[in-house]
Structure formats: C-alpha cells, structure tokens
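Remarks on the structure that follows.
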Number of protein chains: 2
Amino acid sequence: MEKQTVTIYDVAREAAVSMATVSRVVNGNPNVKPATRKKVLEVIDRLDYRPNAVARGLASKKTTTVGVIIPDVTNIYFSSLARGIDDIAMMYKYNIILTNSDENGGKEVQVLNTLMAKQVDGIIFMGNQVTDELREEFKRSKAPVVLAGSVDSEKAQPSVNIDYVAAVAEAVKNLIDHGNQKIAFVSGPMDEAINHDYRLKGYKKALKDAGIPYDDKLVFETDYTYKAGQSLEPALSAVGATAAFVGDDELAAGVMNGLTDAGVDVPGEFEVITSNDTKLTELVRPKMSSITQPLYDIGAVAMRLLTKLMNNETVEENTVILPYGLMKRSSTK
Amino acid sequence: MEKQTVTIYDVAREAAVSMATVSRVVNGNPNVKPATRKKVLEVIDRLDYRPNAVARGLASKKTTTVGVIIPDVTNIYFSSLARGIDDIAMMYKYNIILTNSDENGGKEVQVLNTLMAKQVDGIIFMGNQVTDELREEFKRSKAPVVLAGSVDSEKAQPSVNIDYVAAVAEAVKNLIDHGNQKIAFVSGPMDEAINHDYRLKGYKKALKDAGIPYDDKLVFETDYTYKAGQSLEPALSAVGATAAFVGDDELAAGVMNGLTDAGVDVPGEFEVITSNDTKLTELVRPKMSSITQPLYDIGAVAMRLLTKLMNNETVEENTVILPYGLMKRSSTK
DNA sequence: CTTTGATTTGAAAGCGTTTTCAATGTTGCG
DNA sequence: CGCAACATTGAAAACGCTTTCAAATCAAAG
C-alpha cells in the first residue's frame with residue numbers, strides 16, 4: 001500500500017488547465033483569472049495536493065532552507081541564539097538545517113560542504129574560531145554566510161555580536177572598583193579569537209586603566225565545562241585571586257560552586273562575574289552577576305540580516321553590534 | 001561575478017564518459033572499470049565538482065535529511081535528546097531539519113506539513129502531547145515517524161522512552177521511605193499524556209502501595225518554567241507538604257530555590273526530587289536528586305530506530321524502553 | 001579465430017517543479 | 001465594428017541528477 005503522491009500534473013489534468021497555471025495559483029501569482037484560480041484551488045483541496053519542495057528547489061534554485069552550524073545544541077548560550085534564529089527563519093518561511101560542530105575545524109568544513117551540497121540559501125555560523133580553511137570555504141560559498149555571536153578577527157564575514165572588548169573591560173572595572181587587585185581571567189582556549197583578541201584585550205584594558213599590572217599567572221585557560229570550572233578552585237586560591245571574570249556561564253557556575261564547596265564565600269571573599277547572561281545565572285546560588293547580552297536577538301538579527309543578503313538587498317552595515325549591559329546579581333558585591 | 005556551478009554533465013564531457021558513469025563513480029557503484037573510475041575522479045577533483053543534493057533528491061526520492069520537531073531548543077532536556085539524534089544522524093549521513101514547536105498543536109501540524117513537503121526521509125517528534133490531529137498527520141505521512149522522550153497514549157507510533165510510571169513510583173517511594181506523608185506532585189499541564197497518564201499514575205501507585213491516601217490538593221499543575229516553580233513556595237507550604245516530586249528540572253530548580261529563598265531548608269525540612277537528570281541538577285545547590293534517564297541515548301536510539309524504518313528493515317520492537325535509575329544527590333535525605 | 005557470458009558503458013527517460021515565450025482572449029475606445 | 005493594449009493561458013524547455021535497458025566491450029573457452 002505505497003502512498004500515492006499527487007503531482008502538479010494531476011491537478012492540472014483534473015482542473016483542465018496547464019501545469020503553468022497551477023503553478024501560478026500555488027505561488028500566488030496574480031496573473032490568473034479569479035474563476036480559474038478558484039477552480040484550481042478546489043481541485044488542489046480535493047486531491048490534497050502538496051507541492052514537492054525538492055522539485056521546486058531544483059527548478060527555482062531556492063530551497064528556503066538555511067544551514068546553521070552550532071558548536072553544541074546542549075550549550076545554552078548557543079541554543080538561545082539558535083532559538084532566535086529559528087523564530088525569525090520561520091517568520092520568513094525558511095527552515096533550519098542544524099548541525100553540531102563541536103568546534104572541530106575538520107567537522108565544520110565537512111558540515112559546511114554538505115550544507116552547500118544541499119543547496120541551502122544561506123548559512124549561519126556559530127563558533128569561537130574561524131580558521132583560515134573555514135574562511136576559504138565561506139568565500140567560495142555562493143550562499144551568504146553570517147556569523148552569530150562569533151567573531152572573525154579578519155572581519156571578512158557579516159556578523160552580529162556585542163562589543164566584547166568594552167563589555168569585558170566594564171565587567172572587570174566593576175570588579176576593580178570593588179577593591180579587587182588580583183582578578184583572575186578565566187576563559188576557554190586562548191587560541192580562539194574571542195578569547196585572545198577580545199575578552200583578554202578588554203581585561204587588559206581595564207587593568208591598564210586602573211594602573212594594575214597585568215600578570216599572566218592570573219590567566220586561566222581551560223575548556224567550557226562545568227567540571228573544568230569546578231576544579232579550578234585550588235589554583236585560584238593559590239595565586240591569591242579575590243575575583244574572577246569568567247568567559248562562559250556554565251564554566252562560571254563551575255568555578256563558583258567549586259569555590260563555595262571549598263568553603264570560600266562568594267561574593268564575600270571572592271567575586272565572580274560571568275559573560276553570557278543565560279538562564280544559568282539565575283539558577284545558581286548566589287545568582288551570578290553577568291555581562292548581559294541580547295542572546296535571542298543576536299540570533300534573530302543574524303537571521304534577519306541573512307534574509308536580506310539572500311534577497312540581494314543592500315545592507316547598510318555588515319557587522320552589527322548590539323548593546324550589552326552589566327547585571328549585578330549576588331556573586332559580586 | 002556569479003559563481004559558476006559545475007554539473008555532472010561537465011564532468012562527463014571532460015572525462016569523455018557518460019553522465020551515467022560519472023554518477024556511478026560518485027555513488028561508489030562497483031560496476032566501473034578502475035581505470036575509468038580513476039579518470040573520472042581526477043576530473044571531479046580538477047573541476048571541484050560537488051553533486052547537487054537537491055537534484056539527487058528529486059531523482060532518487062531520498063533526501064538524506066530527517067525532520068526533528070522539538071518543543072524548544074533552549075530546554076536542556078530536549079536539547080540533550082537532540083544532540084543524540086544529530087550525532088547518530090550524522091553517523092548515518094543524514095542531516096537534521098530542526099524546528100521549535102512550543103508544544104503548540106497548530107504549529108506542530110504546520111511544521112509537520114512543511115517537513116513533509118521538503119520530502120524528509122523520516123521524522124522525529126518530541127513533545128508532551130500527541131493530539132488527534134497530529135496522530136492523523138503521522139498516519140498520512142509516508143515518512144516514518146518516531147517519538148523520542150515523548151509518549152502517545154495510543155501507542156500508535158514507534159517511540160523511545162523510559163518507564164515513566166515505574167520511575168516516578170520509585171522516586172516517590174523513596175520520598176515516602178524517608179518518612180514523608182504529604183508529598184506534592186508538581187508537573188506541567190495535566191492534559192499532557194505524560195503527566196496524567198504516566199507520572200501521576202506512578203505517583204498514585206507509590207502512594208497506594210504505601211497506604212497513603214491520594215489528595216489532589218497536593219497536585220500542582222503549572223508550566224515548565226523556573227519562575228513558575230519559584231513562585232510555588234507559599235502554596236507548597238500552605239498545604240503542609242514536606243516533599244515534592246517535580247516533573248522537570250528547570251521547574252524543580254525553581255521550586256527548590258523558591259523554597260530556599262523563603263527560608264525553608266532543603267532537604268532538611270523539604271525534600272525534592274526531579275525527573276530528567278540534566279546538567280541543571282548538578283549546578284544548583286543543593287544538587288538535586290533525580291530520576292536518571294539516558295538522555296543522549298534516548299535521542300540516539302530514536303534516530304537509530306528511524307534509520308531502520310527508513311530502510312524498511314524489520315524491527316523487532318517498535319516501542320523501546322530504556323533503563324532509568326535514581327540518583328541521590330543533596331535535595332533528598 | 002569464434003562463441004559465450006560477464007563486465008562496462010551510454011542513451012534516454014524520468015523526478016515534479018518553475019519559467020520563458022508565444023499564443024489566445026478580452027476589453028475599451030473611436 | 002475594428003483594433004490596440006492588456007490579461008490570461010499553455011507548450012515546452014530547463015533544473016541536475018538517478019536509473020533502466022540495451023549496446024558495446026572484453027576475457028575465457030572451445
């Protein structure tokens with residue numbers, strides 16, 4: 001009992017018109033006499049005809065789907081962006097092909113290629129590192145690519161971000177204003193542009209502005225996991241830090257809980273401020289102070305930008321910077 | 001400077017063979033003389049030919065993409081499943097079209113239709129409620145549908161889950177064993193099958209086994225948000241509950257933090273046990289005791305099952321039940 | 001050398017749309 | 001009533017691949 005598929009041809013026959021006409025009514029083309037349109041619509045309804053998007057894609061060279069490369073859906077920072085992306089995509093009738101990259105360069109390139117093979121109309125890339133190889137692939141892509149919540153030091157691609165340097169500087173200044181002199185900088189891999197080119201820069205700037213010498217013993221490079229943060233406590237205490245700026249919320253929750261579990265009072269003896277303002281900041285106790293970012297909007301704006309690019313509309317500014325803020329909760333004084 | 005696309009025809013011409021032969025080598029068909037294969041491969045490489053998946057999909061009636069309907073990517077329970085799904089999908093060369101449904105029946109039906117229009121080879125559905133309308137759509141779909149971490153009271157679709165009734169019963173029994181008599185049941189909407197048909201059933205069973213009368217004043221129906229949980233404290237105290245079973249981790253974090261913030265000691269004065277064993281359970285303080293579920297595996301197994309269905313392989317059992325456990329952390333005695 | 005059977009190959013017909021271009025209908029106006 | 005101008009329609013050619021089927025080639029056996 002193989003399910004029978006009804007094609008545009010069937011509709012044309014039943015309605016006694018040509019395929020072209022059916023195609024017109026399906027696509028809302030106005031050049032169809034109302035009476036004809038009605039007749040066709042009735043047949044479509046009666047036969048329960050549904051246009052085959054693949055055939056449509058082949059003929060029109062538009063698939064109305066965009067590729068989204070995400071490090072890990074399970075990471076709430078990125079999934080928040082993804083939610084913004086999907087909502088706007090849906091609003092503009094696009095679908096999302098979502099793939100996890102684990103920030104693995106090889107996998108990213110491979111995924112990018114299959115996305116291009118699938119003829120996506122555009123691509124949104126999230127990830128902390130844009131390698132040269134990736135940059136090359138972006139260039140060769142006929143589908144526009146925009147980066148969401150992700151930086152490329154070369155600034156070759158359209159992107160949507162906040163001003164990380166300023167945000168981190170402000171966060172660190174806040175810590176300094178509270179009297180902290182030894183402030184740890186805790187981040188993911190330092191070979192990622194966002195860490196060495198932006199966050200660290202903001203950190204150094206704040207120190208410099210306050211006349212505090214930079215000490216690389218206070219820089220902790222680790223990976224973005226709760227566990228990694230949690231196990232940082234001994235080291236943090238060892239260098240005599242009294243505060244920390246952390247580049248990721250889950251990581252921050254880890255360092256905070258690690259501290260607390262070791263008997264260090266947060267924020268009494270140690271302040272921590274984090275970066276992404278995800279739900280997590282509210283779940284932990286004490287609640288974490290954080291740089292605030294319009295997560296959903298970063299995704300949404302990136303997708304909106306992509307729609308323009310896909311439409312060949314001229315966009316005034318390719319790299320958009322959204323506003324950030326600082327939210328004081330209970331992990332800082 | 002429109003980017004030129006090279007087609008199978010170009011390759012055929014350059015290699016002085018027919019399209020059929022090129023197609024064969026691209027698809028790894030063994031009926032090609034090694035020398036020919038080599039020649040074609042060289043041309044493919046030289047021209048940087050990449051097969052157009054859309055055309056391929058039209059011709060072969062297979063798109064190697066599956067649709068995934070998820071309530072909200074931002075919900076870590078579901079995103080954990082999604083991660084399992086994507087990994088296995090990738091392993092079998094499939095891509096995922098991911099769409100958020102917000103558990104909104106209308107949106108689900110609509111999304112389902114666009115997925116079918118896009119000719120996905122299969123569909124994975126996540127959501128707490130399978131409405132009649134949805135069930136109808138599933139039936140009419142020529143692509144197989146499997147439910148992941150989601151129940152359908154009619155059991156009409158293949159699915160992958162744990163034994164919710166038993167798991168909840170065990171969790172509640174645990175609470176009872178600790179001496180609690182008034183145990184709250186906190187869940188999302190009771191019109192969802194998973195709540196009224198499974199979790200509540202398990203709850204009642206545990207009570208009955210212990211000879212404790214069921215009292216519907218102890219049943220709290222709310223939505224799956226942190227805030228909702230947090231604001232439950234007054235009500236919880238009012239009915240004199242000393243423990244709660246909660247159907248969702250974020251919700252549970254909310255009730256626990258709400259309790260704590262109101263000065264109630266967890267677990268000293270009030271125990272809470274949650275359902276999904278996501279990362280969140282470890283982030284909050286006290287850490288939450290939970291039913292454990294193989295989240296990643298539920299997604300992975302669902303996807304694996306789907307690949308079999310898509311291949312028309314016979315599967316021994318359509319509804320697979322994965323093992324659960326109980327993890328004691330610090331929110332219970 | 002033939003024959004025979006197996007291996008390789010190519011021609012061409014789809015797959016289900018969109019889109020172009022020409023043909024046909026229709027309307028308004030003098 | 002005739003004609004220009006515009007509205008509506010249809011025929012057929014793509015789109016880029018897979019797949020079937022028959023033709024061509026080849027190797028081994030007689």
Side-chain angles (χ1 to χ4, degrees), chain A residues 2-41 43-44 47-65 93 114 116-121 142, chain B residues 2-41 43-44 47-65 93 114 116-121 142:
Chain A
E2 191 45 35
K3 270 138 183 161
Q4 193 53 51
T5 88
V6 6
T7 74
I8 198 174
Y9 178 77
D10 298 318
V11 176
R13 181 171 30 72
E14 290 290 309
V17 298
S18 72
M19 290 163 50
T21 299
V22 178
S23 175
R24 289 192 187 94
V25 350
V26 167
N27 292 296
N29 184 315
N31 299 342
V32 180
K33 189 158 45 159
T36 311
R37 178 187 311 281
K38 181 150 172 292
K39 183 173 57 174
V40 172
L41 249 16
V43 175
I44 286 180
L47 301 189
D48 191 28
Y49 165 68
R50 295 133 182 255
N52 177 323
V54 173
R56 219 201 274 242
L58 181 57
S60 68
K61 294 173 165 302
K62 299 216 165 306
T63 53
T64 63
T65 106
K93 314 273 188 212
T114 92
M116 288 165 45
K118 295 220 166 162
Q119 312 297 119
V120 295
D121 295 336
K142 69 163 74 169
Chain B
E2 191 45 34
K3 270 138 185 163
Q4 193 53 51
T5 88
V6 5
T7 73
I8 198 174
Y9 179 77
D10 299 318
V11 176
R13 181 172 29 73
E14 290 291 308
V17 299
S18 72
M19 290 164 50
T21 299
V22 178
S23 175
R24 288 192 187 95
V25 350
V26 166
N27 293 297
N29 184 316
N31 299 343
V32 180
K33 190 160 44 162
T36 312
R37 178 188 309 282
K38 180 149 173 290
K39 183 173 58 173
V40 173
L41 249 16
V43 174
I44 286 180
L47 302 190
D48 193 28
Y49 164 69
R50 296 137 183 251
N52 177 322
V54 173
R56 219 203 276 241
L58 182 58
S60 69
K61 296 174 164 304
K62 300 220 164 303
T63 54
T64 63
T65 108
K93 313 274 190 213
T114 92
M116 285 163 45
K118 295 218 165 164
Q119 313 297 119
V120 295
D121 296 336
K142 71 164 75 169

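Predicted model, so just to flag it, every value in this text is computed and none were measured. Chain identifiers are assigned alphabetically (A, B, ...) following the order of the sequence lines, protein sequences preceding nucleic acid strands; residue numbering begins at 1 within each chain.
The separation between Gln119(B) atom CD and dG16(C) atom P is 9 Å, rounded to whole Å. Rounded to whole angstrom, the span from the OH atom of Tyr49(A) across to the P atom of dG16(C) amounts to 10 Å.
Counting all heavy atoms, side chain and backbone alike, Ser18(A) lies closest to Ala12(A) at C-CB, 3.8 Å. Of all heavy-atom pairs spanning Thr63(A) and Val54(B), the tightest one is CG2-CG2, 3.8 Å. When every heavy atom of Pro51(A) is checked against every heavy atom of Ala117(B), the shortest pair comes out as O-CB, 3.8 Å.
In the region residues 53-64 of chain A, proximity to DNA chain D at under 4.0 angstrom, judged on heavy atoms, holds for Leu58(A), Ala59(A), Lys61(A).
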Show me the protein contacts with nucleotides 10-13 of chain C, counting only N or O atoms at under 3.5 Å.
residue: dG10(C); atom: OP2; partner: Ser18(B); partner atom: N; Å: 2.8
residue: dG10(C); atom: OP2; partner: Ser18(B); partner atom: OG; Å: 3.3
residue: dG10(C); atom: OP2; partner: Thr21(B); partner atom: OG1; Å: 2.9
residue: dG10(C); atom: O6; partner: Arg24(B); partner atom: NH2; Å: 2.5

Using the 3.5 Å cut-off, write out each protein N or O paired with an N or O of nucleotides 4-7 of chain C and the distance between them.
none

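Taking the side chain to side chain contact (heavy atoms under 4.5 Å, CB included) definition, one finds that Thr7(B) meets it with Thr5(B), Tyr9(B), Asp10(B), sequence neighbours left out. With sequence neighbours left out, the side chain to side chain contact (heavy atoms under 4.5 Å, CB included) criterion links Arg50(B) to Asn113(A), Met116(A), Glu137(A), Arg140(A), Asp48(B). Legend: residues meeting side chain to side chain contact (heavy atoms under 4.5 Å, CB included) with Ile8(B), ordered by chain and number and at least two apart, are Met19(B), Val22(B), Ser23(B), Tyr49(B). Legend: residues meeting side chain to side chain contact (heavy atoms under 4.5 Å, CB included) with Ala55(A), ordered by chain and number and at least two apart, are Asn52(A), Leu58(B). In terms of the salt bridge (Lys or Arg N to Asp or Glu O under 4.0 Å) criterion, Asp121(A) has no residue partners (sequence neighbours excluded).
If you walk DNA chain D from 5' to 3' and mark each nucleotide with an atom closer than 4.0 Å to a heavy atom of chain A, the marks span dT8(D) to dG16(D).
Using a 4.0 Å heavy-atom distance criterion, Arg37(B) is classed as making no nucleic acid contact. Nucleic acid contact for Ser23(B): base, since at least one base atom lies under 4.0 Å from a heavy atom of the residue.
Inter-residue side-chain proximity for Val11(A) and Val26(A) is flagged as unmet; no heavy-atom pair is nearer than 4.5 Å.
Residue Asn52(A) places none of its side-chain N or O atoms closer than 4.0 Å to OP1 or OP2 of dC15(C).
Over its full length, the helix from dC1(C)-dG30(D) to dG30(C)-dC1(D) turns its helical axis through 50°, comparing axes from the five pairs at each end and rounding to 10°.
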Can you list the steps and then say if Val17(B) with Val25(B) is a side chain to side chain contact (heavy atoms under 4.5 Å, CB included)? CA-CA 11 Å; Val17(B) 299; Val25(B) 350; over 6 Å; no
Ignoring hydrogens and angles, write down the donor-acceptor pairs under 3.5 Å from the side chains of residues 32-40 of chain A, residues two or more places apart or on other chains.
residue: Arg37(A); atom: NH2; partner: Asn29(A); partner atom: O; Å: 3.3
residue: Lys38(A); atom: NZ; partner: Glu42(A); partner atom: OE2; Å: 3.4

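A salt bridge (Lys or Arg N to Asp or Glu O under 4.0 Å) check over residues 55-65 of chain B, counting only residues at least two apart or in different chains, returns nothing.
In terms of modelled atom types and a separation under 3.5 Å, the side chain of Lys118(B) and the main chain of Thr64(A) share a donor-acceptor contact.
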